[in-house]
Amino acid sequence: MMIENFKRAWNDAGLRNMGYRHYETAYPNLPKQEGCDACGIFVLNWLENWRSRNALQSVFTHDMVQDARIRFAVDILFSEHNILDEGKRIVKDL
């Protein structure tokens with residue numbers, strides 16, 4: 001449905017014909033989450049590791065979710081864009 005709506009919107013906008021009817025729809029073989037609370041972790045890992053022709057199913061598995069949560073939390077906390085030094089100080093002093 002989304003693909004057909006995209007094609008319709010493209011044509012309705014009067015943009016150049018890209019010959020979308022000749023394209024195939026491909027669904028990449030991605031790691032599958034288990035349960036309902038790891039979708040954000042899977043998306044972040046997919047975005048972080050995606051490369052053309054990279055087999056993502058071997059890069060990240062559900063067993064790595066807990067470590068990824070910690071890694072992302074540390075990366076966000078200690079990011080140069082995080083200007084709240086109080087949180088950084090608390091963690092460093094533990």
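Heavy atoms only, all atoms of each residue included: Arg69 and Asp37 are closest at NH2-O, 2.6 Å. Between Leu77 and Lys88, the shortest heavy-atom distance links the atoms O-CE, 3.1 Å.
More than 12 heavy-atom neighbours from other residues, nucleotides or ligands sit within 6.0 angstrom of CD1 on Ile90.
Using a distance-only test at 3.5 Å, with no hydrogens or angles considered, a donor-acceptor pair links the side chain of Asn5 to the main chain of Met1. Not one N or O on the side chain of His62 forms a donor-acceptor pair closer than 3.5 Å with the backbone of Gln33.
A single hydrophobic cluster is seen to contain both Val91 and Val74, as judged by linkage of ILVMFWY side chains at heavy-atom distances under 4.5 Å, directly or through other members.
Applying the 4.5 Å side-chain rule to ILVMFWY residues, one finds Phe6, Trp10, Leu15, Met18, Tyr23 in the same cluster as Tyr20.
Judged purely by distance below 3.5 Å, without hydrogens or angles, the side chains of Asn11 and Arg8 never pair a donor atom with an acceptor atom.
Looking at residues two or more places apart in sequence or on another chain, you find no salt bridge (charged side-chain N to carboxylate O under 4.0 Å, His left out) involving Glu80.
For the atom pair Cys39 SG and Leu44 CG, the distance stands at 10.0 Å (nearest 0.5 Å). With rounding to the nearest 0.5 Å, the separation of OG1 in Thr61 from CG in Asn45 is 9.5 Å. In this structure, Arg71 CZ and Met64 CE are separated by 10.0 Å, a value rounded to the nearest 0.5 Å.
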